[in-house]
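The residues of the chain are indexed from 1 along the displayed sequence. Side chains are part of it too, since the values below use all heavy atoms of this structure and drop only hydrogens, waters and symmetry mates. Remember, predicted model here, so these are calculated numbers, not experimental data.
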Amino acid sequence: IATVTKPTNAGTFTITPSALVLANNVDTSNYVWVDYQTSTFTINKARQDTLTVSSVLGVYETGTATMKITTLGGSDTGTVTYAIATGGSASGCSVSSEVLTVTSVGTCKLVATKAATLNYLITYSDTATVTFSRFVSRPLQVQLYPSMIPLNQGNALETTTLTIPAITSISFFDRRTVLVNGNFQTIEPYYEIIGSGFTGTTRVVLNFSELTPFTLNSDTKITFDAGGVSAGIIFIETSDGRIGPTPFYNFTP
């Protein structure tokens, strides 16, 4: 359908000129004829924004574990699909719709694809590594135990409530020089965990691997070196079996 509306979408368009008007209103009657020729021009599709798989941490207990895969980026409304790539260490990696399935701990490699639309080309994410770590379960942190038996043969229970370690924030501190016992000492970059219930901490676990070394500064502060750490679930365990935070705290460097 012929139109004089300016095109806004990608595609090939035909232009047929007519009714020539010369500059400075020069009279076209001075010419024998005007040869109007039809031409075409093309508006190409644009590249999409970078597409990234954003869900990369999963939990495995036993049997079959699943997690929903999500993405960030891309452009327009194209459908996102997923495909398993080679190189993962977990067993049974498979994906259907937006659900990734495994049958063991380990990693799955996958690539996301966002379909082309009217104005955008198809795009692919880089190969993403999704890690499934084993879930750690612990007993309830409130313990009930008999304290005495009254003369009337009734039962009396004493309830002891244990303080669960809780994380409120984790902050990064760059290298700095401080004065220690009259000498200047360089402190490497480190992270500081702020919270409560840290007294008696024996383990700090990040992504289900122990962080060593760490320093228990007080009941409300723990510090650890910044080198080599990665994103993951972090929790704290104390000498009397208390574990926290509950739920686990997701740490992002």
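The heavy-atom pair separating V111 from A85 by the smallest distance is CG2-CB, 4.4 Å. Scanning all heavy atoms of the two residues, the minimum distance from F41 to I43 falls at CE1-CG1, 3.9 Å.
No donor-acceptor pair under 3.5 Å is formed between the side chain of S96 and the backbone N or O of V99. Proximity of a side-chain donor or acceptor of T107 to a complementary backbone N or O of S89 within less than 3.5 Å is detected. A donor-acceptor pair under 3.5 Å links the side-chain atoms of Y36 to the main chain of A19, judged by distance alone. Side-chain atoms of Y124 never come within 3.5 Å of backbone atoms of T127 as a donor-acceptor pair (strictly under, hydrogens ignored). Although no hydrogens or angles enter the test, the distance criterion places a donor-acceptor pair under 3.5 Å between the side chain of Q48 and the main chain of L121. Side chain of T168 to backbone of I194: a donor-acceptor contact under 3.5 angstrom is found. Counting only distance, with no hydrogens or angles, the side chain of S94 and the backbone of V102 share no donor-acceptor pair below 3.5 Å. In terms of modelled atom types and a separation under 3.5 Å, the side chain of D49 and the main chain of S75 share no donor-acceptor contact. Side chain of N119 to main chain of K45: no donor-acceptor pair is present (N/O by atom type, distance under 3.5 Å, no hydrogens or angles). Of the possible polar contacts, none joining the S91 side chain to the T103 backbone as a donor-acceptor pair under 3.5 Å is found.
A donor and an acceptor atom, one from each side chain of T220 and S196, are nowhere located under 3.5 Å apart. In this model, a donor atom of one side chain and an acceptor atom of the other lie less than 3.5 Å apart for S29 and D27. Between the side chains of T223 and N217, at least one donor N or O lies within less than 3.5 Å of an accepting N or O. Looking at T238 and T201, their side chains never bring a donor and an acceptor atom within 3.5 Å of each other. For the 3.5 Å distance criterion, the side chains of T129 and K109 qualify, holding a donor opposite an acceptor.
Within the 4.5 Å cutoff, the side chain of T40 has no heavy atoms near those of the I15 side chain. Between L22 and Y31 there is a side-chain heavy-atom pair separated by less than 4.5 Å. Residues P213 and D225 have side chains in contact (heavy-atom distance under 4.5 Å, counting atoms from C-beta outward). With a 4.5 Å cut-off on side-chain heavy atoms, I164 and I243 do not count as touching. Counting only heavy atoms from C-beta outward, the side chains of L206 and V229 approach each other to under 4.5 Å.
Connection of F172 to I234 is established within a shared hydrophobic cluster, with ILVMFWY side chains joined at heavy-atom distances below 4.5 Å, either directly or through further cluster members. Following chains of ILVMFWY side-chain contacts shorter than 4.5 Å, one cannot reach V56 starting from Y60, and the two form parts of different hydrophobic clusters.
Taking CE of M67 as the start and OG of S55 as the end, the distance is 4.0 Å to the nearest 0.5 Å.
Classification of the F224-F251 ring pair by plane angle, with boundaries at 30° and 60°, yields perpendicular.
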